[in-house]
Amino acid sequence: MVVAQSITWTEIIKRFENYLKLERSLSENSVAAYIADITKLKQFAQQQPSPLAVTQISTVDLQNFLVFLHDLGIQPRSQARIISGIKAFFKFLLFEEIREHDPAALLEGPRLGRRLPDTLSYEEIEKIIQAIDHATPHGARDRAVVETLYSSGLRVSELLALKKGDIHFDVGFLRIRGKGNKERLVPIGTSAMKYLKIYIDQV
């Protein structure tokens, strides 16, 4: 195997770009994202006291690169995406016989916690409600849906599974079947009950 010692960052990044376009048939946006990630690695390598060539990058260097990304203020999810691009880049270098070993093989990105779902504010809910056209055939249904979701905090899948017999207007509760077919009782507000009754009467 011949290892290219003199190949420059500019050369190899251009070759990688062509590979992504011609061999992988990626979109322009995807290619641009990959190249931006590799350019960050190039920036890191060239800022070292002894600038690192493509063939000189080690696993330790890549671990230091992660610290470099953190210091730039890049968030963990973006770091994880960049690492994915770096791994693809070094696999390409192996394929092209530019490197004999893959320093990114054991590279681990930041652990990502589960993102909490965004919630709507009271004002946003009001805007949604005001946008409902009650003059249309679906107006009552849409109002009932929004009011029930807002009032009871149901998942959309739970609302879709709701049956008429699950609505207990007399006590103000819904019987909900959740994950694992487990049942629970959920309170429902008076406004939601009002629009549910209107919708049911129209069906």
Side-chain angles (χ1 to χ4, degrees), residues 1-128 131 149-150 153-158 178-180:
M1 176 183 288
V2 177
V3 179
Q5 294 289 348
S6 60
I7 192 166
T8 67
W9 278 99
T10 300
E11 279 182 86
I12 195 57
I13 289 175
K14 186 61 180 177
R15 284 171 61 175
F16 184 52
E17 182 179 6
N18 290 335
Y19 163 78
L20 295 173
K21 289 179 179 177
L22 302 177
E23 300 294 330
R24 295 277 302 275
S25 299
L26 298 184
S27 68
E28 288 187 12
N29 287 342
S30 296
V31 172
Y34 271 108
I35 298 306
D37 296 342
I38 305 308
T39 300
K40 289 184 177 65
L41 179 61
K42 170 188 174 183
Q43 178 187 358
F44 164 80
Q46 293 183 334
Q47 286 180 359
Q48 301 310 299
S50 296
L52 299 168
V54 174
T55 53
Q56 295 174 317
I57 298 284
S58 68
T59 301
V60 172
D61 292 324
L62 291 178
Q63 289 169 342
N64 290 332
F65 175 62
L66 296 186
V67 176
F68 170 78
L69 294 178
H70 179 270
D71 291 343
L72 286 178
I74 295 175
Q75 297 300 309
R77 288 187 180 276
S78 296
Q79 290 181 34
R81 194 209 71 243
I82 291 171
I83 290 168
S84 176
I86 296 302
K87 286 179 176 287
F89 176 64
F90 280 101
K91 285 179 181 177
F92 164 75
L93 296 183
L94 286 179
F95 177 75
E96 291 288 307
E97 298 189 345
I98 294 168
R99 290 198 53 124
E100 294 179 329
H101 305 289
D102 182 359
L106 300 178
L107 191 65
E108 293 186 0
R111 292 188 177 183
L112 303 178
R114 294 183 62 185
R115 295 182 66 181
L116 294 176
D118 292 332
T119 57
L120 297 175
S121 67
Y122 173 79
E123 290 76 15
E124 289 170 326
I125 292 291
E126 283 298 308
K127 286 181 180 179
I128 293 174
L149 286 173
Y150 181 55
L154 303 183
R155 299 183 180 94
V156 173
S157 59
E158 293 173 338
K179 292 183 178 179

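Only a predicted model underlies this, so the values are computations on that prediction, with no experimental measurement involved.
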TODO: Give the minimum heavy-atom separation between Gln56 and Asp61, together with the two atoms involved.
DONE: O-OD2, 3.6 Å
Open item on the list: Atom CG of residue position Leu106 - does it have more than 12 heavy atoms of other residues, nucleotides or ligands inside 6.0 Å?
Closed with: no
TODO: Determine, for Glu11 against Arg15, whether the closest basic-nitrogen to carboxylate-oxygen distance falls under 4.0 angstrom.
DONE: no
Open item on the list: Looking only at the aromatic ring of each residue, does the gap between the centers of Phe89 and Tyr34 stay below 6.0 angstrom?
Closed with: no
TODO: Going by the side-chain contact (heavy atoms from CB on, under 4.5 Å) test, name the single residue among Lys40, Gln46, Gln48 that passes it with Phe44.
DONE: Gln48
- [ ] Please answer whether the main-chain N or O of Ala104 pairs with a side-chain N or O of Lys87 as donor and acceptor at a distance below 3.5 Å.
- [x] yes
Open item on the list: Quick check on Glu28: does its CD atom have over 12 non-hydrogen neighbours (other residues, nucleotides or ligands) under 6.0 Å away?
Closed with: no
Open item on the list: Treating Trp9 as the side-chain partner and Ile38 as the backbone partner, does any N or O pair qualify as donor plus acceptor under 3.5 Å?
Closed with: no
- [ ] Report the relative orientation of the aromatic rings in Tyr19 and Phe95; use parallel for angles under 30°, tilted for 30 to 60°, perpendicular for over 60°.
- [x] tilted
- [ ] Say whether, by atom type as modelled, one donor and one acceptor occur between the side chain of Thr59 and the main chain of Pro103 under 3.5 angstrom.
- [x] yes
Task: Contact summary for Arg155 and Glu158, nearest pair of heavy atoms - done: NH1-OE2, 2.8 Å
TODO: Mark yes or no for whether Arg99, through its side chain, and His101, through its backbone, hold a donor-acceptor pair below 3.5 Å.
DONE: yes
Open item on the list: What I want to find out is whether Asp37 reaches Arg81 closely enough, with some N-O distance under 4.0 Å, to be called a salt bridge.
Closed with: yes
Open item on the list: Quick one: does any side-chain atom of Thr39 pair with a main-chain N or O of Ile35 as donor and acceptor, under 3.5 Å?
Closed with: yes
- [ ] Give a yes or no on whether the backbone of Ile74 and the side-chain of Gln79 come within a donor-acceptor separation of less than 3.5 Å.
- [x] yes
